[in-house]
Amino acid sequence: MEPAITELIDLAQNILISSLAIYIIKESSSLRNAIWAVIFAGILMASISVYQNLTGTFSNEYWGFGGNEFSGYVGRPRITGPYLTPNPYAQVLAIIFIVALDRTWHESKIILRLVAGAGALLCALALIFTDSRGGFANLIFTIFVYFLFNRPNFSAMLVISVFSLVVIQFLPGNFAERILTLTELNPFKEDTAVVADESFRGRTSENIAAMMMFSDYPIFGVGLSNYGENYQKYSREIGLDPRREEREPASLYLQLLAEQGVIGTSVFLLLVVSIFMKLLKAQRDFKLLGMRDEMYITSALFASLAGYMFMSIYKNNAYTNVFWMLVAICISAAQIATNIMKPDEESGNSMEFSS
């Protein structure tokens, strides 16, 4: 019961903080301020990570922002920033990258464009230095979703090309080789039982265990935060993971199914889908109102949330405070559009009535 109570307390805290953020972000100006606060936070974290990696000062914690872990498999330290592991940090950097990239193209002031561009570049470099294959895939996916809303013109492609050329100069030696190991997760391989990457073996075992738990407890799951306590029982049966310790599944969705069953998973998915729908409506409303800056910000938020949910396919619910803060900003953007549209709709209805 204790892990479940701790999880519930964390959830309550995150919802409370998100509610306060929604209360504060009521106007376009406060939305812009929130976006720039996120960008400046990214510049702070990423600049320390980039400096730490380029100078090799991995023993310096840099006031808690210089986290790293040495990976024997990778053969070098992996940047973790203020987090304990690289993957959550990469997930956050991808979110900040896309909003910074959006401001690089759409800010009216040149100085702000330059600051946003620097932030986007620093976040991209820091993400590369995490050596997170999932983070890199998430970055590509997030950019793709953003381009669905904002078709890149020549200047946009030029910016992306410059960013890419700079990032390529700093790619670790075997980074491309590590990215190619993602093919080991291909379910259509002839021999799916053989997975050479040890981290993939562990994740495969964790995800199979989650599916087995869901199969045994499909309605309500094994209980909030109870996956770890049950993992070893299933792991021994699977026989892929030699570790004898509590683990967490390598997928948010499988974690939800294992711990909360169909009921909890359905509630979560309904929440996420409703937020996506609200963002789509807000983006259209801002476009109708001629509020192009807000329209661009909303599309960047949509891409950020889409990227977060994409990476959640192969990352669990660690550091959910990031998710809830992103949700708060998305809801705020949607509410701002709704509040602006209401007077227009009411005035339109009154004119029809008078006529």
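This is a predicted model, so every value here is computed, not measured. All values below come from the heavy atoms of this structure, side chains included, with hydrogens, waters and symmetry mates left out.
- Results of the side chain to side chain contact (heavy atoms under 4.5 Å, CB included) test with Thr265 over Leu270, Leu252, Leu256, Leu254 single out Leu256 as the only residue that passes.
- Note on Leu269 and Met309: same hydrophobic cluster, where clusters join Ile, Leu, Val, Met, Phe, Trp and Tyr whose side-chain heavy atoms are under 4.5 Å apart, directly or indirectly.
- Scanning all heavy atoms of the two residues, the minimum distance from Thr80 to Thr85 falls at CG2-C, 3.6 Å.
- Counting non-hydrogen atoms of other residues, nucleotides and ligands closer than 6.0 Å to CZ of Phe147 gives a total above 12.
- Between Tyr146 and His106, the shortest heavy-atom contact is OH-CE1, 3.1 Å.
- Interatomic distance, CG of Leu271 versus CZ of Phe276, reported as 10.5 Å (0.5 Å rounding).
- Between the CG atom of Leu122 and the CE atom of Met45 there is a distance of 11.0 Å, given to the nearest 0.5 Å.
- Closest non-hydrogen pair, Asn150 versus Ser299, comes out as ND2-OG, 3.0 Å.
- Linking ILVMFWY side-chain heavy atoms closer than 4.5 Å, directly or via other members, places Ile98 and Ile313 in a single hydrophobic cluster.
- For the pair Ala126 and Val50, the tightest heavy-atom approach, listed with the atom from each and the gap, is N-CG2, 3.9 Å.
- For the residue pair Glu294 / Ser28, a side-chain donor-acceptor distance below 3.5 Å is found, with atom types taken as modelled.
- Lys26 forms a cation-pi arrangement with Tyr23, by the criterion of a distance under 6.0 Å to the ring centre and an angle within 45° of the ring axis.
- Tested against Leu301 for a side chain to side chain contact (heavy atoms under 4.5 Å, CB included), the candidates Asp102, Ile329, Ile275 yield a single pass: Ile329.
- In this structure, OH in Tyr62 is found 6.0 Å from CD in Gln52, a value given to the nearest 0.5 Å.
- When only modelled atom types and interatomic distance are considered, Thr142 and Asn138 share a side-chain donor-acceptor pair under 3.5 Å.
- Hydrophobic clustering keeps Phe149 apart from Met157 (ILVMFWY residues linked when any side-chain heavy atoms are closer than 4.5 Å, directly or through intermediates).
- Looking at every heavy atom in both residues, Ser205 comes nearest to Ile238 through O-CD1, 3.5 Å.
- No hydrogens or angles considered: nothing links the side chains of Tyr217 and Asn226 as a donor-acceptor pair under 3.5 Å.
- Aromatic ring centroids of Phe323 and Phe268 lie under 6.0 Å apart.
- Aromatic ring orientation, Phe141 versus Phe144: tilted (interplanar angle from 30° to 60°).
- Taken from CD1 in Ile95 to CD in Gln91, the straight-line distance is 6.0 Å, to the nearest 0.5 Å.
- The distance from atom CD1 of Ile25 to atom CD1 of Ile35, rounded to the nearest 0.5 Å, is 8.0 Å.
- One distance of note links CG of Asn230 with OH of Tyr227; it measures 9.5 Å at 0.5 Å rounding.
- Minimum interatomic distance between Ser132 and Asn87 (heavy atoms only, all atoms of both residues): OG-OD1, 2.7 Å.
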